[in-house]
Every structure is written in C-alpha cells, then in structure tokens.
There are 2 protein chains.
Amino acid sequence: MSSENQELRAVGLKVTLPRVKILQILENSDTKHLSAEDVYKALIEAEEDVGLATVYRVLTQFESAGLVSRHHFEGGHSVFELMSDDHHDHIVCDSCGKVEEFFDHTIEQQQERIAQKFGYKITDHSMYLYGICAACQAETK
Amino acid sequence: MSSENQELRAVGLKVTLPRVKILQILENSDTKHLSAEDVYKALIEAEEDVGLATVYRVLTQFESAGLVSRHHFEGGHSVFELMSDDHHDHIVCDSCGKVEEFFDHTIEQQQERIAQKFGYKITDHSMYLYGICAACQAETK
DNA sequence: TTTGTTGTTGATTTTAATTTTCGATAACTT
DNA sequence: AAGTTATCGAAAATTAAAATCAACAACAAA
C-alpha cells in the first residue's frame, strides 16, 4: 500500500484517486508553494482527469486535516504547502516571484515575548520579507 | 481649507468629494483596518452617494499614492489602513478578530540580517501573529 | 465667470478565484 | 456481491475586485 494511502487514512480521509494524485503532486513538486491552478495543471500534464472543483475541494480538505497549510501571499490568492513539522518563514522576490524559506530562532523567541506582553496565547504566525533577490538585482544593472 | 484637501494635493490627487469623504472615514474610524466594503457601508451611513467601484478605485489610488497600505489578513480579502510613518506589525485575535499593533526593534534588525544573508534587498515585509487575546481567553474559562 | 480640457464618477459589465449544486459514480462495509 | 454513503465532475453560482464608458465635475486659462 502506498504511503499516500496511509497518510490519507491517518487523517480520516477516504482514499480516492484524486486525493492520492494531488497528494503526490504536492510531495513531488520542486516548488513548495502551489496554487489550486498549479495543481490542476500538473494533473492535466499527468493525464489525470480530475476537475478543478475537486482540486479546490481536496486542498481545502487537506488544510482542515492538517496535511497542508494555506498562505495568502501579497496580491491575494491562495497557495498551498505541504505541512511539515519544521516551521519556517518566507522571503519572496518581488521581481521573479521566487520564494525562499528561513527559520530564525531570535525572531521566534521575540514573537513569543511580544505575545506575552499583549496577553495573547499564540496559535500561529506568519512572516514574509519582500525584496529583490540577488539574481534580479544583478539583472537590472 | 480642510486638512484632507491638503493631504490629497500633497500626493498629487485632485480634490474630489469621494476622495475627501473616504479619507475622512479612514481618519475617523475607530477600527484601523477597513475593507472596501466597510468604507462603502460607512459612506452609505453618512448618506454620501458614492459608488462601490469608486471606493475600490480610490483606495487603490490612495495605496499608490502612499496614503494607505493594503493588507491581506488570513482569509483573503484586502483591508486598508492609513499610512503612518511609524512602521508596525500586527497581532490578530483568532477569536474576536481584534487587531493590535506593535513595533519591535529586535525583530526589525533581525529581518535585515536575514535579508542580507540571502542576498536580498528588502522592499517591504509583513508579520502577523495570530492567537487568542486575553479577553477571549478569559471568556472560554 | 464663462469656457475648455482633462480627470473623475457611478452604473454596469467583466474577470478571476473559489464555492456550491446535483445527478452519476466510486469507496468502504457487511 | 450489494447497499450505503461519501466523493466526483461539470456546470452554475458567488464573491471580491477591476475595467468600461458616457455623463459630469475640477481646475486652469481667458
């Protein structure tokens, strides 16, 4: 039995072809952040006959199940990323759209302190740095 | 001449009734973050006959002009906030939706360091902490 | 202050992302 | 294998936001 099957069962989702395929796409993609459209295109390419509505449905189910997390980058629409236990933040290139990830202990600690100061019990946080990456800086020279 | 008029001229926007009214609404609102719909509702209440399309247009113009900044809180759609020269980040209550602001020097510094490490030239950043505020924590007890 | 030019407006249409609906179908149970 | 129930795909519906366009208002010049 494939590992995808187990993962789906583990979170209480029935094992269906669309769900398995979408999970595989997320796992095998080299870009970590995929929009619903991206996933749909990947399905088309793989000659899998899965409707766009199903993609949206399944991604939302995956989110509720804690398999993926949904991000709203600047500009609005959702991108999805496989959940992993290693938390990280994002740095995005305004020019080419590249997204890199980082983890910074100092920042994490500081966030905790701030939350305490305000009396909040933190459930989540997001941090995005926007800028021009080295490659794009070189280009415009 | 009203201060709104001056502000508009200062950023090179022609002084018109919709723009003045919308600016006033942003300035006088007790919630700092307003969606286009929020602004529109406020206009209706003030019996100002301004179309929704104009609200979107004006808010976008205000953004380009640097009068307001646009945020994409979790859940998608845009909210606008009057620009002020004091930069700050946000802490949002998942339960009641309250938004508070903070500025933390350590975090700002650290972001700069991270950007350097990745070779990015930072243009902007956003940071959101999500959690349950003190009041809401008390309620569920 | 009238007039002319140009930018702005409101109503409506359009777009794009996402969600819902619903009959057909596939997954798990017995 | 058969029944129950969730899931699916296609298409329609919804939503936020942007674009269109003729009527109109702001500012400048006469």
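Owing to the predicted nature of the structure, the values given are computational and were not obtained by experimental measurement. In what follows, chains carry the letters A, B, and so on, assigned in the order in which the sequence lines appear, proteins first and then strands, with residues in each chain numbered from 1.
Contact between the side-chain N/O atoms of B:Tyr56 and the OP1/OP2 oxygens of D:dA18 is not found at any separation under 4.0 Å.
Listed in residue order, the members of residues 32-48 of chain A having a heavy atom less than 4.0 Å from DNA chain D come to none. Within residues 57-67 of chain A, the residues approaching DNA chain C are A:Arg57, A:Thr60, by heavy-atom distance under 4.0 Å.
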Result block: side-chain N/O donor-acceptor pairs under 3.5 angstrom for residues 37-48 of chain B, not counting sequence neighbours:
from: B:Asp38; atom 1: OD1; to: B:Ser35; atom 2: OG; distance (Å): 3.4
from: B:Asp38; atom 1: OD2; to: B:Ser35; atom 2: N; distance (Å): 2.9
from: B:Asp38; atom 1: OD2; to: B:Ser35; atom 2: OG; distance (Å): 3.1

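Atom CZ in B:Arg19 sits about 19 Å away from atom P in D:dC24, given to the nearest Å. For the pair B:Leu52 CG and C:dT14 P, the interatomic distance rounds to 18 Å; values are reported in whole Å. Between the C1' atom of C:dA26 and the CG atom of A:Asp49 lies a distance of 15 Å, rounded to the nearest Å. Taking atom NE2 of residue B:His71 and atom P of nucleotide D:dA17, one finds them 14 Å apart after rounding to whole Å. Note: NE2 (A:His77) to P (C:dT19) measures 13 Å, nearest angstrom. Between B:Leu8 atom CG and C:dT8 atom C1' the separation is 13 Å, expressed in whole Å.
Considering only residues two or more places apart in sequence or on other chains, A:Lys14 meets the side-chain hydrogen bond (donor to acceptor under 3.5 Å, both in side chains) condition with none of them. Evaluation of the side-chain hydrogen bond (donor to acceptor under 3.5 Å, both in side chains) rule for B:Asp89 yields no partner, not counting sequence neighbours. Contacts of A:His33 classified as ring-ring contact (aromatic ring centres under 6.0 Å, His included), with partners at least two apart in sequence or in another chain: A:His71, A:Phe73, A:His90. B:Ser29 meets the side-chain hydrogen bond (donor to acceptor under 3.5 Å, both in side chains) test with B:Thr31; sequence neighbours excluded. For B:Thr106, there are no side-chain hydrogen bond (donor to acceptor under 3.5 Å, both in side chains) partners, not counting sequence neighbours.
A distance of 8.0 Å separates OG1 of B:Thr16 from CD1 of B:Ile22, quoted to the nearest 0.5 Å.
Closest to the side chain of A:Ala53, from the set D:dA11, C:dG10, D:dA18, is D:dA11.
With hydrogens and angles left out, the side-chain atoms of B:Arg57 and B:Thr54 include a donor and acceptor closer than 3.5 Å.
Under the 3.5 Å distance criterion, the side-chain polar atoms of B:Gln137 are matched with a main-chain donor or acceptor of A:Gly119.
Taking Ile, Leu, Val, Met, Phe, Trp and Tyr as hydrophobic and joining them when side-chain heavy atoms fall under 4.5 Å apart, one finds B:Tyr120 in a cluster with A:Ile91, A:Phe102, A:Ile107, A:Ile114, A:Phe118, A:Tyr120, A:Ile122, A:Met127, A:Leu129, B:Ile91, B:Phe102, B:Ile107, B:Ile114, B:Phe118, B:Ile122, B:Met127, B:Leu129.
Within 6.0 Å of atom NZ in B:Lys121, 12 or fewer heavy atoms from other residues, nucleotides or ligands are found, so the atom counts as exposed in its surroundings. A:His87 NE2: more than 12 foreign heavy atoms inside a 6.0 Å radius. Sparse packing is recorded around CG of B:Asp49, with 12 or fewer heavy atoms of other residues, nucleotides or ligands lying under 6.0 Å away.
Contacts classified as ring pair (Phe, Tyr, Trp, His ring centres under 6.0 Å) and involving residues 41-63 of chain B (residues at least two apart or in different chains) are not found.
Each of B:Leu17 and B:Ser78 was matched to the nucleotide of DNA chain D holding its nearest heavy atom; the match closer to the 5' end belongs to B:Ser78.
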Every protein N/O within reach of nucleotides 27-30 of chain D N/O, cut-off under 3.5 Å:
from: D:dC27; atom 1: OP1; to: B:Val15; atom 2: N; distance (Å): 3.2

*Whenever both distances are under 3.5 Å in a Watson-Crick or G-U wobble pair, mark it; put DNA chain D into dot-bracket that way, with [ ] for crossing pairs and | when the partner is on another strand.*
||||||||||||||||||||||||||||||
